[in-house]
Amino acid sequence: EVKLVESGGGLVLPGASLKLSCIVSGFTFSDYWMRWVRQAPGKGLEFIGEIKPDGSKTNYAPSMKGRFTISRDNAKNTLYLQMNSVRSEDTATYYCVRGCTSLFDYWGQGVMVTVSS
Amino acid sequence: DVQMTQSPSNLAASPGESVSINCKASKSISKFLAWYQQKPGKANNLLIYSGSTLQSGTPSRFSGSGSGTDFTLTIRNLEPEDFGLYYCQQHNEYPWTFGGGTKLELK
């Protein structure tokens, strides 16, 4: 069974940094592109970025470049999202997603990040 | 970026009925449109890709149609488990973009 479990969310102050993790199981992690998607409360889904199976390349949505960094540790079956200088508009549920070509075929249940003073 | 616009934003129906959800792209995306279902407490689920291809496990009451800029998700003979949020996503060009969602509610 494919499982993706995010962690590391919570309440964070504006301007702070936060690192989300996603531990996966049920498939060969090192074979797949992995992605992060977020969803602000009551809003739609927003693609953040993706990372190549071997971790050698990352792509980010233009609006996400600069403050977000995606990385992975294939030995630990873990995907990461480093968030820097967070703002109130970063308040959202963050989803870890397996990439299958240009599709998003398996999703985690998401982790909530709230940016507030 | 390709902008995806869904309509309606909200839709109310009863079990047994058929409904359609529309998705419009800001430019042609050929056939490369996917549909996802979102339900509280469950992981998002890929239903359909390439406009009309059902993902493994998607019930046959779901169907997709369209090409170019206009697409439709149709659900026939609604089941209670079909109520939730639906999102379209273009998978023709990077960056991948999603529609704003359609909430299918029980009438």
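Throughout, protein chains are lettered first and strands after them, A, B, ... in sequence-line order, and every chain is numbered starting at 1.
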According to a 4.5 Å side-chain heavy-atom criterion applied to Ile, Leu, Val, Met, Phe, Trp and Tyr, with indirect links allowed, do [X] and [Y] form part of one hydrophobic cluster?
X: B:L104; Y: B:W35; answer: yes
X: A:W33; Y: B:L46; answer: no
X: A:W36; Y: A:V97; answer: no
X: B:Y49; Y: B:V2; answer: no
X: A:I70; Y: A:V24; answer: yes

* What are the two closest heavy atoms between B:W96 and A:F47, and how far apart are they? ->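 Reported closest heavy-atom pair: O-CB, 3.5 Å.
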* Give the minimum heavy-atom separation between B:G41 and A:Q109, together with the two atoms involved. =>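 Closest heavy-atom pair between B:G41 and A:Q109: O-OE1, 3.0 Å.
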* Over 12 non-hydrogen atoms of neighbours within 6.0 angstrom of OH in A:Y106 -> no
* Asked: Does atom CZ of B:R76 have more than 12 heavy-atom neighbours, drawn from other residues, nucleotides or ligands, at distances under 6.0 Å?
  -> no
Interchain contact, [X] with chain A, by part (heavy-atom threshold 4.5 Å):
X: B:K42; answer: backbone
X: B:Q38; answer: side chain
X: B:Y94; answer: side chain
X: B:D1; answer: side chain

* Could you tell me whether the side chain of A:L103 reaches within less than 4.5 Å of the side chain of B:F32, counting heavy atoms only? => no
* To do: Measure the OG-CD distance between A:S102 and B:Q90 for me, rounded to the nearest 0.5 Å.
  => 8.5 Å
* To do: Pick whichever of B:P95, B:G99, B:G100 has the most heavy-atom pairs under 4.5 Å with chain A.
  =>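 Max contact count across the listed options: B:P95.
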* Check: A:Y95 side chain, B:N44 main-chain N or O, donor-acceptor pair, under 3.5 Å -> no
* Please report the C-alpha distance between B:Y87 and A:F104 in whole Å, then the side-chain angles of each, then the deciding distance to 0.1 Å, and finally whether the ring pair (Phe, Tyr, Trp, His ring centres under 6.0 Å) criterion is met. => CA-CA 12 Å; B:Y87 291 93; A:F104 297 69; over 10 Å; no
